[in-house]
Colleague: 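For reference, the structure I am asking about is given below.
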There are 2 protein chains.
Amino acid sequence: MLVNALITQRDLIAERGRYHAQMTSMPVSERLGSHIKRAEQALSATKAAVLRPAGVTVAQYSALLHLSENPGISAAALARLCGVTPPTMNTVLNNLQDRALIERTPHEWHRNVLETRLTDAGRAVMADADARAVRVERALAAEFTDEERAALAGLLGRCVELLERERP
Amino acid sequence: MLVNALITQRDLIAERGRYHAQMTSMPVSERLGSHIKRAEQALSATKAAVLRPAGVTVAQYSALLHLSENPGISAAALARLCGVTPPTMNTVLNNLQDRALIERTPHEWHRNVLETRLTDAGRAVMADADARAVRVERALAAEFTDEERAALAGLLGRCVELLERERP
DNA sequence: GAATCTAAGTTAGAGCTCTAATGCTCGTCA
DNA sequence: TGACGAGCATTAGAGCTCTAACTTAGATTC
């Protein structure tokens with residue numbers, strides 16, 4: 001380790017020793033939120049890295065994935081599936097549309113609704129990206145037993161319930 | 001439920017039935033990544049909501065928290081603690097500095113390093129925000145037994161290891 | 001039939017995030 | 001001593017994300 005890094009590291013440890021007593025009301029390592037955030041950061045970073053060669057971002061892949069399973073869905077419904085707000089989805093879809101990976105056509109009955117669909121190019125990109133993303137998911141799944149996977153999914157589900165209940 | 005929503009919902013189900021066969025190589029519900037992402041989205045949304053009255057974003061709170069535990073730390077080291085890149089931390093710190101919640105002073109020995117510290121105002125905002133954030137963490141912790149908390153943290157830790165190993 | 005309500009789509013603005021690239025300081029090593 | 005390498009800080013540019021606000025279309029209700 002180099003001296004520059006050592007010095008900031010040394011300062012850090014010294015200050016930590018001095019002030020560690022009771023700066024915050026809960027140690028970071030005991031916060032479940034920290035673990036969830038770290039896991040998501042690692043997931044995001046890895047997915048972004050493997051999706052890069054496919055030419056799509058994580059958000060774009062998420063949209064393409066749900067779009068491939070729900071052709072003609074509205075942008076608002078797609079936003080709900082992806083867990084983002086309509087303006088966010090609008091941003092993502094505009095980028096996909098600029099690259100001609102999707103098309104948006106007026107709904108036959110409801111003038112206020114746009115049907116969103118993959119183009120042929122979009123389907124091709126989606127297939128490539130999906131293969132790459134699934135490779136990561138399979139590696140992740142292979143790390144655990146069936147019981148562990150179920151436990152993790154269950155615990156995370158309870159987190160979501162609690163957090164949504166707790167939201168003002 | 002209204003007709004507008006019903007129609008998109010109906011279309012969705014119809015299309016799903018038609019195409020469900022084998023559009024993707026792995027069902028979304030079986031992807032551990034989906035569960036992690038959902039949990040982080042719920043966490044983020046709830047934390048943003050409870051931090052809003054304190055006048056800070058989640059990213060700003062994260063920086064203030066680690067800053068309060070490590071006075072004088074460099075921006076790069078702070079970025080590592082928060083799990084973001086230096087340019088990202090620079091953006092967050094600029095916003096905090098504009099509001100006079102932090103100050104950055106040249107390092108005594110190393111001309112190339114800036115020491116970052118909370119101002120008095122920053123400490124006050126941090127104390128307020130921390131109380132609000134910890135309330136959420138306590139509620140989250142109270143949802144689980146000691147064994148469940150340990151299991152969740154352990155499983156998420158293994159996810160992080162696998163994902164970093166898998167990253168090209 | 002008109003007021004009201006709900007949902008879809010959009011725009012504006014603020015903030016976070018990344019990669020890529022640059023300039024700087026310092027330490028190491030030949 | 002001088003070249004190299006590593007780390008810090010910063011800028012530029014693209015993209016994602018949110019809230020707030022507006023517009024429009026369709027449905028409900030009186």
Side-chain angles (χ1 to χ4, degrees), chain A residues 1-9 11 37 40-41 44-49 51-52 55-63 73-80 82-99 104-116, chain B residues 1-9 11 37 40-41 44-49 51-52 55-63 72-80 82-99 104-116 167:
Chain A
M1 205 170 212
L2 292 192
V3 176
N4 261 341
L6 272 176
I7 285 196
T8 55
Q9 198 74 3
D11 290 352
K37 194 173 177 181
E40 203 280 335
Q41 281 173 330
S44 239
T46 299
K47 281 219 168 158
L51 287 177
R52 171 174 295 277
V56 292
T57 65
V58 175
Q60 287 168 354
Y61 167 65
S62 177
I73 195 176
S74 73
L78 186 56
R80 283 191 291 271
C82 293
V84 299
T85 59
T88 296
M89 184 52 66
N90 196 29
T91 301
V92 176
L93 291 181
N94 280 337
N95 286 329
L96 291 174
Q97 193 171 25
D98 287 347
R99 295 172 50 193
R104 302 157 96 174
T105 56
H107 193 287
E108 192 178 356
W109 300 342
H110 297 74
R111 305 288 149 69
N112 207 23
V113 174
L114 287 180
E115 290 184 332
T116 306
Chain B
M1 207 172 210
L2 293 193
V3 176
N4 262 341
L6 273 175
I7 285 194
T8 55
Q9 196 74 2
D11 290 353
K37 193 172 177 183
E40 203 280 335
Q41 280 173 330
S44 237
T46 299
K47 282 219 168 158
L51 287 176
R52 170 174 296 276
V56 291
T57 65
V58 176
Q60 287 168 354
Y61 167 66
S62 177
I73 195 176
S74 73
L78 185 56
R80 282 190 292 271
C82 293
V84 298
T85 60
T88 297
M89 184 52 66
N90 196 29
T91 301
V92 175
L93 291 180
N94 279 337
N95 285 329
L96 291 173
Q97 193 171 25
D98 288 347
R99 295 172 50 192
R104 302 158 95 172
T105 56
H107 192 286
E108 194 179 353
W109 300 343
H110 297 73
R111 305 289 152 69
N112 207 24
V113 174
L114 286 180
E115 291 185 332
T116 306
R167 192 142 64 226

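Chain identifiers are assigned alphabetically (A, B, ...) following the order of the sequence lines, protein sequences preceding nucleic acid strands; residue numbering begins at 1 within each chain. Owing to the predicted nature of the structure, the values given are computational and were not obtained by experimental measurement.
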Colleague: Pick the closest DNA chain C nucleotide for A:Thr116 and for B:Thr85 by heavy atoms, then say which residue is nearer the 5' end.
Modeller: A:Thr116
Colleague: Under the side chain to side chain donor-acceptor pair (under 3.5 Å) test, which residues partner B:Arg167, sequence neighbours left out?
Modeller: A:Thr46
Colleague: The side chain of A:Thr88 lies closest to which of these nucleotides: D:dC8, C:dC16, D:dC16?
Modeller: D:dC16
Colleague: Taking only the side-chain nitrogens and oxygens of A:Arg104, find out if one of them lies under 4.0 Å from OP1 or OP2 of C:dT10.
Modeller: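 Indeed, a polar side-chain atom of A:Arg104 lies that close.
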Colleague: Treating B:Asn94 as the side-chain partner and B:Asn90 as the backbone partner, does any N or O pair qualify as donor plus acceptor under 3.5 Å?
Modeller: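 Yes: the side chain of B:Asn94 pairs with the backbone of B:Asn90.
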Colleague: Starting at CE of B:Met89 and ending at P of C:dC16, how long is that distance when rounded to a whole Å?
Modeller: 10 Å
Colleague: Given atom CZ of A:Arg52 and atom P of C:dC18, what is their separation to the nearest angstrom?
Modeller: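 Going from A:Arg52 (CZ) to C:dC18 (P), I get 12 Å.
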Colleague: Would you indicate, yes or no, if D:dC16 has its OP1 or OP2 atom less than 4.0 angstrom from a side-chain nitrogen or oxygen of A:Thr57?
Modeller: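 The answer is yes; a side-chain N or O of A:Thr57 sits under 4.0 Å from OP1 or OP2.
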Colleague: Verify, without hydrogens or angle tests, whether A:His110 (side chain) and A:Asn112 (backbone) share a donor-acceptor contact under 3.5 angstrom.
Modeller: no
Colleague: I'd like a list of close polar pairs between nucleotides 21-24 of chain C and the protein, N/O only, cut-off under 3.5 Å.
Modeller:
unit_1	atom_1	unit_2	atom_2	d
C:dC24	O2	B:Asn112	ND2	2.9

Colleague: Give the rounded distance in Å between these two atoms: CD of B:Gln60 and C1' of D:dT17.
Modeller: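 Going from B:Gln60 (CD) to D:dT17 (C1'), I get 14 Å.
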Colleague: Within the pair A:Asn95 and D:dC16, is there a side-chain N or O less than 4.0 Å away from OP1 or OP2?
Modeller: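 Yes.
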Colleague: Does some side-chain heavy atom of A:Lys37 sit less than 4.5 Å from a side-chain heavy atom of B:Ser62?
Modeller: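 Contact flag for B:Ser62/A:Lys37 side chains = yes.
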Colleague: By nearest nucleotide on DNA chain D, pick out whichever of A:Val84 and B:Asn94 is the more 5' one.
Modeller: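 Nearer the 5' end of the strand: B:Asn94.
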Colleague: Bend across the helix from C:dG1-D:dC30 to C:dA30-D:dT1, to 10°, with axes taken over 5 pairs at each end?
Modeller: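 The two end axes of the helix from C:dG1-D:dC30 to C:dA30-D:dT1 meet at 10°.
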Colleague: So, does B:Arg99 get its side chain near the phosphate of C:dG15, meaning an N or O under 4.0 Å from OP1 or OP2?
Modeller: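 It does not, given that no N or O in the side chain of B:Arg99 lies less than 4.0 Å from OP1 or OP2 of C:dG15.
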Colleague: Measuring from the side chain of A:Asn90 (C-beta onward, heavy atoms only), which nucleotide among C:dG15, C:dT11, C:dC26 has the closest atom?
Modeller: C:dT11
Colleague: State, yes or no, whether a side-chain contact exists between A:Arg99 and A:Gln60 at a heavy-atom distance under 4.5 Å.
Modeller: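 A:Arg99 vs A:Gln60: side chains touch.
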Colleague: Out of D:dC16, D:dA9, C:dG9, which has the shortest distance to the side chain of A:Ala75?
Modeller: C:dG9
Colleague: Between P on C:dA7 and NE2 on A:His107, what's the gap in Å once rounded to a whole number?
Modeller: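 Going from A:His107 (NE2) to C:dA7 (P), I get 17 Å.
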